[in-house]
Amino acid sequence: MPKVAVVGGSMIGLTAGLVLRDLGCEVDVYERSRVPLEGRGVGIVLHPQTVRYLLDNRLLDLSAVSTSAAYHRYLADDGSVLSEDGRRHHFTGYNTLYGTLLRAFGRERYHLASEATGITQSEDGVEIEFAAGERVTADLLVGADGVSSFVRRAMVPDVQPRYGGYVAWRGVVDEKDLTPETFAALDDSLTYYFRPGTHALTYPIPNYDGAVEPGRRLMNLVWYRNVPEGQPLADLLTDRSGRQRDVSLPPGAVRDEYLTDFRDTAVAQLPPPIAEVALKTAEPFLQVMIDVEVSRMAFGRACIVGDAAFSVRPHAAAATAKGADDVWALSDALRRSGGDVPEALRLWEPAQLELGRALLARTRDLGEGAQFRGDWVPGDIGLTFGLREPGDSADMRVT
């Protein structure tokens, strides 16, 4: 089996490291951050493919570190229930999954402060150059370096992210800080609110200390708001230090005038239970809704997986599942090819391109339906989460 260099050390990069190492590959994972990525992200909707490695290898008792909601609930303007359907989903936090994957992979071949700056290929291998001057060689390069992927930019420099016209405001509130009325309205539910030009959702996730019991969890908020491209977006993405960010603003970076607008608009537009979560969110942060689509994922002895290839909007809650699916399919192709990298990538690429295109098209349609066309119908099964089809992540058995 080939020697593999994985560029990108978040969840999908670590999944690639583990799955390919178990196949018999010699694997190193290179992460540009100088410190472990703990603390990034908030809630994650669990999909069987996202946690397949952890469950197959009995590395995590998800029942102890995940929350669930039994219902999809849509609220009216006044907070009353418009519709409610029994569709169970499970949720956890980024830290839980990332930390478990990192412990399983180990630190010996997980290289921090390793920003890739150059890629050179030959018939026999691939060389990666890093910002500190180090060069490494491998038989296969896996680019798992996310939406701003260096590997993608090196392989297909003409591909540019496309702005979707809106951003997602995110935040969490400790459930114990919610009023009893709000807790009752949002408990045991993936709760949606939709009105033309915006939509919001809440669901419970584990607390920072791991607590998953009702009343001790965090309530996660995602609120989508339209922002015109150009100066309005650029100004919103300018942080407190005056630096303009590209695709997100982390907690604590949003300027005061936008925090005031966030809270004032929540009171004016959101149903009271969801507005309370917004108002009690200490440090809202945001991510820009962008699409990235490639026509190729394989390039000689290099490939790109997950968000590096297809950056999809969150409306299907399937981005991490898509990345994990790319990795498992790559492992299968390497096995079928007997470790022949070019042949494996030839076998692997078509189905993963098809899956990426289909998921991107579906999430784009969902987002534009809510934010611009205004044609969402509360209770529609087509709005539910899933990788290959709506609802395929629901009712996942967590044992």
Side-chain angles (χ1 to χ4, degrees), residues 42-43 45 67-89 91 165-205 214-215 217-227 254 258-287 289 313-317 366-385 390 394:
V42 184
V45 180
T67 59
S68 71
Y71 300 97
H72 276 202
R73 187 176 296 149
Y74 280 80
L75 300 185
D77 292 348
D78 62 0
S80 60
V81 176
L82 279 176
S83 73
E84 183 175 87
D85 298 287
R87 296 172 188 156
R88 183 172 293 279
H89 284 286
F91 316 97
Y166 58 106
V167 304
W169 285 87
R170 306 195 64 166
V172 293
V173 175
D174 199 309
E175 283 184 331
K176 67 180 176 56
D177 295 330
L178 298 175
T179 62
E181 295 78 12
T182 291
F183 177 77
L186 304 180
D187 184 37
D188 204 22
S189 172
L190 174 61
T191 305
Y192 278 97
Y193 172 70
F194 161 74
R195 64 185 290 172
T198 191
H199 73 290
L201 62 150
T202 64
Y203 53 86
I205 64 172
R217 306 165 299 188
L218 298 173
M219 187 59 67
N220 183 72
L221 167 71
V222 188
W223 181 16
Y224 299 95
R225 300 181 61 191
N226 295 348
V227 179
V254 180
Y258 286 108
L259 292 178
T260 298
D261 176 74
F262 170 84
R263 296 185 171 108
D264 289 348
T265 308
V267 172
Q269 292 190 357
L270 296 178
I274 300 179
E276 183 180 330
V277 176
L279 291 174
K280 291 183 175 177
T281 295
E283 293 187 318
F285 63 102
L286 63 89
Q287 64 185 110
M289 295 296 99
R313 306 182 199 184
H315 310 304
L366 287 170
E368 293 181 358
Q371 298 299 122
F372 302 108
R373 298 195 308 267
D375 57 7
W376 273 28
V377 177
D380 180 4
I381 185 66
L383 304 181
T384 56
F385 297 151

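Keep in mind that what you see is a predicted model, and the values were worked out from it rather than measured. Sequence positions, counted from 1, serve as the residue numbers for this chain.
Between D187 and R73 there is no salt bridge, since no side-chain N of the basic residue sits under 4.0 Å from a carboxylate O of the acidic one.
Counting heavy atoms from C-beta outward, Y71 and T191 have side chains that stay 4.5 Å or more apart. Using a 4.5 Å heavy-atom threshold, the side chains of V173 and L221 count as separate. Between L190 and R87, the closest side-chain pair of non-hydrogen atoms is not below 4.5 Å. Residues E84 and S189 form no side-chain contact, since every pair of their non-hydrogen atoms from C-beta on lies 4.5 Å or further apart. Side-chain atoms of P314 and M289, non-hydrogen and from C-beta on, do get closer than 4.5 Å to each other. Residues L201 and Y224 are in side-chain contact: their nearest non-hydrogen atoms beyond the backbone lie under 4.5 Å apart.
Pairing each heavy atom of F262 with each of P284, the nearest pair is CE2-CG, 3.6 Å. Of all the heavy atoms in D380 and G382, the pair that sits closest is OD1-N, 2.9 Å. For the residue pair G369 and F194, the shortest heavy atom distance occurs at O-CE1, 4.4 Å. Nearest heavy-atom pair across P273 and A185 is CG-CB, 3.8 Å. Scanning all heavy atoms of the two residues, the minimum distance from P390 to I381 falls at CB-O, 3.3 Å. Between R88 and A70, the closest heavy-atom pair is NH2-CB, 3.2 Å.
The only member of V377, D85, L383, V81 that meets side-chain contact (heavy atoms from CB on, under 4.5 Å) when paired with Y74 is L383.
In this structure a side-chain-to-backbone donor-acceptor pair under 3.5 Å is missing from W376 to Q371. Side chain of T265 to main chain of D261: a donor-acceptor pair is present (N/O by atom type, distance under 3.5 Å, no hydrogens or angles). Of the possible polar contacts, none joining the S68 side chain to the H89 backbone as a donor-acceptor pair under 3.5 Å is found. Within the 3.5 Å criterion, the main-chain N or O of Q269 finds a donor-acceptor partner in the side chain of R195. T67 contributes a side-chain N or O that, together with a main-chain N or O of P204, makes up a donor-acceptor pair within less than 3.5 Å.
Once rounded to the nearest 0.5 Å, the distance linking CG of L286 with CH2 of W169 reads 5.0 Å. Atoms NE2 and CZ, from H199 and R225 in turn, are 13.5 Å apart once rounded to the nearest 0.5 Å. Considering CG of D174 and OG1 of T281, their distance stands at 11.5 Å, rounded to 0.5 Å. N220 CG to L186 CG: the interatomic distance, rounded to the nearest 0.5 Å, is 11.5 Å. Between R373 atom CZ and E368 atom CD the span is 6.5 Å, to the nearest 0.5 Å. One finds the OG1 atom of T198 at 6.5 Å from the CG atom of L270 (value rounded to the nearest 0.5 Å).
In this view, F91 and Y203 satisfy the ring-ring contact (aromatic ring centres under 6.0 Å, His included) rule, not counting sequence neighbours. For F183, there are no ring-ring contact (aromatic ring centres under 6.0 Å, His included) partners, not counting sequence neighbours.
Between H315 and Y166, the angle of the ring planes stays under 30°, which puts this pair in the parallel group of the 30/60° scheme.
Judged purely by distance below 3.5 Å, without hydrogens or angles, the side chains of E276 and T179 pair a donor atom with an acceptor atom.
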Audit row: F372, N226, side-chain contact (heavy atoms from CB on, under 4.5 Å) steps and yes/no | CA-CA 9 Å; F372 302 108; N226 295 348; 3.6 Å; yes
Which is it for T182 and M219 under the side-chain contact (heavy atoms from CB on, under 4.5 Å) test, yes or no, and what are the steps along the way?
-> CA-CA 11 Å; T182 291; M219 187 59 67; over 6 Å; no
